[in-house]
K.L.:
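Submitted below is the structure of interest, expressed as structure tokens.
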Amino acid sequence: MGKTDTPELPLTPRSRARRLSTALDDTIVDNSDQAIAAIALMSEKPHKSNPRVDGFALEIPPNTVFVGHLNTDMDSIASSIGAAFLFNGIAAAASKLNTETKHWGFDPPTYFPDLEHDKSKVCLMDHNQESQIAPTLNLNGLVGVIDHHALQNGTVITDRPIYIDIRPWGSACTIVGHTYLRIRKPIPNKIAGILLSGILSDTLNLRSPTTTDHDRLLVAVLAKISEVSDINGLADMQFKAKSSELMHMSPYEVACGDQKKFTIKDKNDKQLSIGFGVVETTDPRAMKTRIDELMVEVASLKSEQMLDFSFLAIVDIVNLTSTLISIGRAESELAEAAWKRKIVSPPSEGEENNMIGTMELENMVSRKKDFIPALTDAIANGFEASEPALQKTEKQKAVVVEDVYGIVSKEWSLEACCNVLVRRLKKGALKRVNSFATMATPGGGWARTASNNNMLSWGYPPDTLKKSGSQAGPSTSSVGKSPTPGKGDGPPSGWKGGPIGSKAGKEDKRAKDVVPSSSATILLLPLLLGAAIGAIAATIIASRRRN
């Protein structure tokens with residue numbers, strides 16, 4: 001009896017995870033023998049034939065400060081920590097750390113400007129561009145660069161030779177880990193663990209197109225040393241931690257969190273500046289509900305940094321797809337030239353078509369390999385923005401950022417239970433918008449949306465959305481009058497008129513602010529105060545019981 005072909009069933013999340021786990025297990029098994037051999041070669045014993053060889057292996061002087069790029073990610077901070085131990089130096093941070101770094105129990109490295117350690121010797125980790133260096137860093141003290149990114153316009157320049165280790169691998173942590181093997185220095189358990197986490201983060205659990213065989217081998221080595229048996233579980237925990245943190249961040253923090261600036265020359269040798277931010281998440285649907293407010297921040301970055309193009313990509317690290325956000329004509333024209341597809345714009349009733357919208361990019365997740373090279377190629381091959389696009393960009397660069405977009409300041413967020421960075425207009429006048437197109441102002445800037453950090457703030461998880469027919473919006477029964485929902489399946493881009501109890505909020509031709517009623521606010525404040533006192537009391541009691 002012959003075999004009959006059966007149709008292949010679609011992958012469920014569980015079966016997809018099982019298939020990915022099997023593929024990763026195969027990678028570890030394939031590299032197991034090499035990993036064991038590499039670990040066995042590491043020893044503190046001097047080189048048998050020439051003991052001085054070990055000394056020559058340490059090209060970076062002791063007491064060097066190792067620091068990653070602005071908008072610190074797991075790879076930059078983990079490689080800094082690993083290199084600091086390897087070369088007897090000290091690790092520093094260029095900016096605030098994300099939650100991925102907390103698993104291995106390291107104390108957060110000191111913020112570089114606050115570091116009291118001697119800064120006369122510095123090594124850049126995971127970057128080589130001047131636009132990405134830590135604040136107050138003096139390039140005259142640069143002694144090394146350890147990186148895995150391309151050398152483009154804006155690369156650091158030195159007046160003397162320095163140590164350079166740039167390799168086309170998937171992670172700076174892979175380079176640091178390999179250097180341990182090369183000079184045969186044993187890797188402590190925790191150092192191996194955080195280097196492993198850095199590789200998994202930057203290669204998206206070895207699924208990014210930037211992944212190389214070197215990354216796979218080092219993952220096998222570091223997993224054995226750190227005694228991590230469930231690599232998928234570690235990667236999943238890291239990605240979920242980062243995605244969870246995103247939902248409690250303000251639009252400003254999300255848009256700026258992983259934004260880098262690049263300088264590219266066109267066919268006429270003119271330098272063009274591109275800002276490209278990335279938001280990696282396991283829950284892209286929730287992040288897409290925030291596109292309106294994120295676009296405001298992407299536009300403000302264009303004006304603040306005097307960019308020719310400003311982009312943000314929401315990267316789905318589960319399905320390996322991305323949603324590119326385009327804030328205007330210049331960005332849309334360049335994106336369409338780079339990827340040969342059209343920007344999808346929402347309906348704009350009676351509004352000028354500003355080419356504001358999104359573009360879906362399947363199987364593209366890497367800024368280093370997928371996004372920047374495509375944009376660079378388009379520009380090198382003769383792309384030129386249209387005259388209307390150039391005029392719009394010049395208007396955006398000319399605006400007074402504080403007047404059009406507002407001032408960034410720290411404010412307390414009940415949702416995040418900490419201070420967050422929020423952008424507000426000087427007078428607190430906040431406009432509600434329903435779509436990308438209605439946000440464009442005649443001056444080329446944007447109307448500031450009401451993306452505040454009060455209780456019903458940005459980033460509503462999908463399960464908190466209150467739907468009625470085709471409309472959706474946050475539930476506000478305990479606060480006051482519910483706002484009119486915006487378009488789409490998510491919450492409106494913003495509707496509050498300032499912190500709870502404020503009187504901010506003005507009417508506009510196109511939209512209205514919705515402010516919680518004063519009576520509801522008065523009733524709510526005692527409840528919030530009581531809850532806060534109760535939480536503090538519970539913490540004190542629990543602490544005394546432990547002691």
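Quick note: residue numbers are just sequence positions, from 1.
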K.L.:
State whether a side-chain donor-acceptor pair under 3.5 Å links S226 with N189.
P.N.:
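S226 vs N189: no donor-acceptor pair found between side chains.
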K.L.:
Roughly how far apart are L361 CG and M359 CE, rounded to 0.5 Å?
P.N.:
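That separation rounds to 6.5 Å.
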K.L.:
Ignoring hydrogens and angles, state whether a donor on the side chain of S95 or T72 is under 3.5 Å from an acceptor on the partner side chain.
P.N.:
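A donor-acceptor contact under 3.5 Å links the two side chains.
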K.L.:
How close do K121 and D118 get, heavy atom to heavy atom, and via which atoms?
P.N.:
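Scanning both residues, the minimum pair turns out to be NZ-OD2, 4.2 Å.
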K.L.:
Give a yes or no answer on whether the side chain of T155 reaches the backbone of L151 with a donor-acceptor pair at less than 3.5 Å.
P.N.:
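Checked: no pair found.
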K.L.:
Would you indicate whether the side-chain heavy atoms of K185 and F87 approach each other to under 4.5 Å?
P.N.:
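SC-SC contact between F87 and K185 ruled out.
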K.L.:
Quick one: does any side-chain atom of N268 pair with a main-chain N or O of K270 as donor and acceptor, under 3.5 Å?
P.N.:
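Looks like no, no N/O pair under 3.5 Å.
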K.L.:
Is it true that T282 and S243 share a donor-acceptor pair across their side chains at a distance under 3.5 Å?
P.N.:
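There is such a pair between these side chains.
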K.L.:
Report yes or no: does Y252 contribute a side-chain atom to a donor-acceptor pair with the main-chain N or O of L294 at less than 3.5 Å?
P.N.:
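No; judged by distance alone, with no hydrogens or angles, the pair does not exist.
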K.L.:
I'd like to know if K260 and D258 make a salt bridge, using a cut-off of under 4.0 Å between side-chain N and carboxylate O.
P.N.:
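Answer for the salt bridge query: no.
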K.L.:
If the test is side-chain contact (heavy atoms from CB on, under 4.5 Å), which one of I60, I166, I164 qualifies with I146?
P.N.:
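Of all the options given, the one that passes is I60.
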K.L.:
Compute whether any side-chain donor of one residue and acceptor of the other, for S332 and S326, lie under 3.5 angstrom apart.
P.N.:
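S326 and S332 do have a side-chain donor-acceptor pair below 3.5 Å.
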K.L.:
P188: what forms a side-chain contact (heavy atoms from CB on, under 4.5 Å) with it, not counting sequence neighbours?
P.N.:
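Listed in chain order: F85, I191.
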K.L.:
Applying side-chain contact (heavy atoms from CB on, under 4.5 Å) between L421 and each of E253, M249, K96, report the one that passes.
P.N.:
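Exactly one candidate clears the test, E253.
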K.L.:
Please tabulate, one pair per line, all N/O donor-acceptor pairs under 3.5 Å involving side-chain atoms of residues 372-383, not counting sequence neighbours.
P.N.:
residue: T376; atom: OG1; partner: I372; partner atom: O; Å: 2.8
residue: N381; atom: ND2; partner: D377; partner atom: O; Å: 3.0

K.L.:
Using every non-hydrogen atom in the two residues, find where S310 and L301 come nearest and quote the distance to one decimal.
P.N.:
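Smallest interatomic distance, heavy atoms only, reads OG-CB, 4.4 Å.
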K.L.:
Hey, is E331 close enough to K302 for a salt bridge, meaning N to O under 4.0 Å?
P.N.:
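Result for this pair is yes, salt bridge flagged.
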K.L.:
To the nearest 0.5 Å, what is the distance between OG (S120) and CG (N140)?
P.N.:
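Answer for the OG-CG pair, S120 versus N140, is 11.5 Å.
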K.L.:
To the nearest 0.5 Å, tell me how far F66 CZ sits from I90 CD1.
P.N.:
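Answer for the CZ-CD1 pair, F66 versus I90, is 11.0 Å.
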K.L.:
Checking S76 side chain against D126 main chain: does a donor-acceptor pair fall under 3.5 Å?
P.N.:
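It does not hold such a pair.
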K.L.:
Say whether E360 and T323, considering side chains only, have a donor N or O and an acceptor N or O under 3.5 Å apart.
P.N.:
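Per modelled atom types, E360 and T323 side chains form a pair under 3.5 Å.
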K.L.:
Is a donor on one side and an acceptor on the other found under 3.5 Å between the side chain of N71 and the backbone of C256?
P.N.:
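Judged by distance alone, yes, a pair lies under 3.5 Å.
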K.L.:
Would you mind checking if E280 and K242 are paired as a salt bridge, meaning a charged N to carboxylate O distance below 4.0 Å?
P.N.:
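Salt bridge between K242 and E280, a charged N being under 4.0 Å from a carboxylate O: yes.
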K.L.:
Hey, does the side chain of D316 reach the backbone of S322 with a donor-acceptor pair shorter than 3.5 angstrom?
P.N.:
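Looks like no, no N/O pair under 3.5 Å.
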K.L.:
Do we see a donor-acceptor contact under 3.5 Å between the side chains of R167 and H214?
P.N.:
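Absent: no donor and acceptor within the cut-off.
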K.L.:
Any non-hydrogen side-chain atom of T358 less than 4.5 Å from a side-chain atom of L324?
P.N.:
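No, their side chains stay 4.5 Å or more apart.
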K.L.:
Tell me if the aromatic rings of H148 and W169 count as close, with their centers under 6.0 Å from one another.
P.N.:
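For H148 and W169, the ring centres are not under 6.0 Å apart.
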K.L.:
Would you say the side chains of N205 and N232 form a donor-acceptor pair under 3.5 Å?
P.N.:
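Per modelled atom types, N205 and N232 side chains form a pair under 3.5 Å.
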K.L.:
Inspect the contact between D283 and K240 and indicate whether a charged nitrogen and a carboxylate oxygen are less than 4.0 angstrom apart.
P.N.:
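A salt bridge is absent here (no side-chain N lies under 4.0 Å from a carboxylate O).
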K.L.:
Atom CZ in R182, atom CG in L86: separation rounded to 0.5 Å?
P.N.:
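Spacing of CZ (R182) from CG (L86) equals 8.5 Å.
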K.L.:
Here's a test for you: under side-chain contact (heavy atoms from CB on, under 4.5 Å), which of L218, D202, V219 qualifies with T174?
P.N.:
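The single option meeting the side-chain contact (heavy atoms from CB on, under 4.5 Å) with T174 is L218.
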K.L.:
May I ask you to check whether S273 and Q305 show a side-chain donor-acceptor distance below 3.5 Å?
P.N.:
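On atom types as modelled, these side chains do not qualify, holding no pair under 3.5 Å.
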K.L.:
Go through the structure and list residues passing ring pair (Phe, Tyr, Trp, His ring centres under 6.0 Å) with F371, not counting sequence neighbours.
P.N.:
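Partners of F371 under the ring pair (Phe, Tyr, Trp, His ring centres under 6.0 Å) test: F276.
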K.L.:
Give a yes or no on whether the backbone of A172 and the side-chain of D75 come within a donor-acceptor separation of less than 3.5 Å.
P.N.:
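Yes, the answer is positive, given that a donor and an acceptor are paired below the 3.5 Å cut-off.
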K.L.:
Just by distance, do the side chain of S201 and the backbone of S197 share a donor-acceptor pair under 3.5 Å?
P.N.:
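Not a single qualifying donor-acceptor pair exists.
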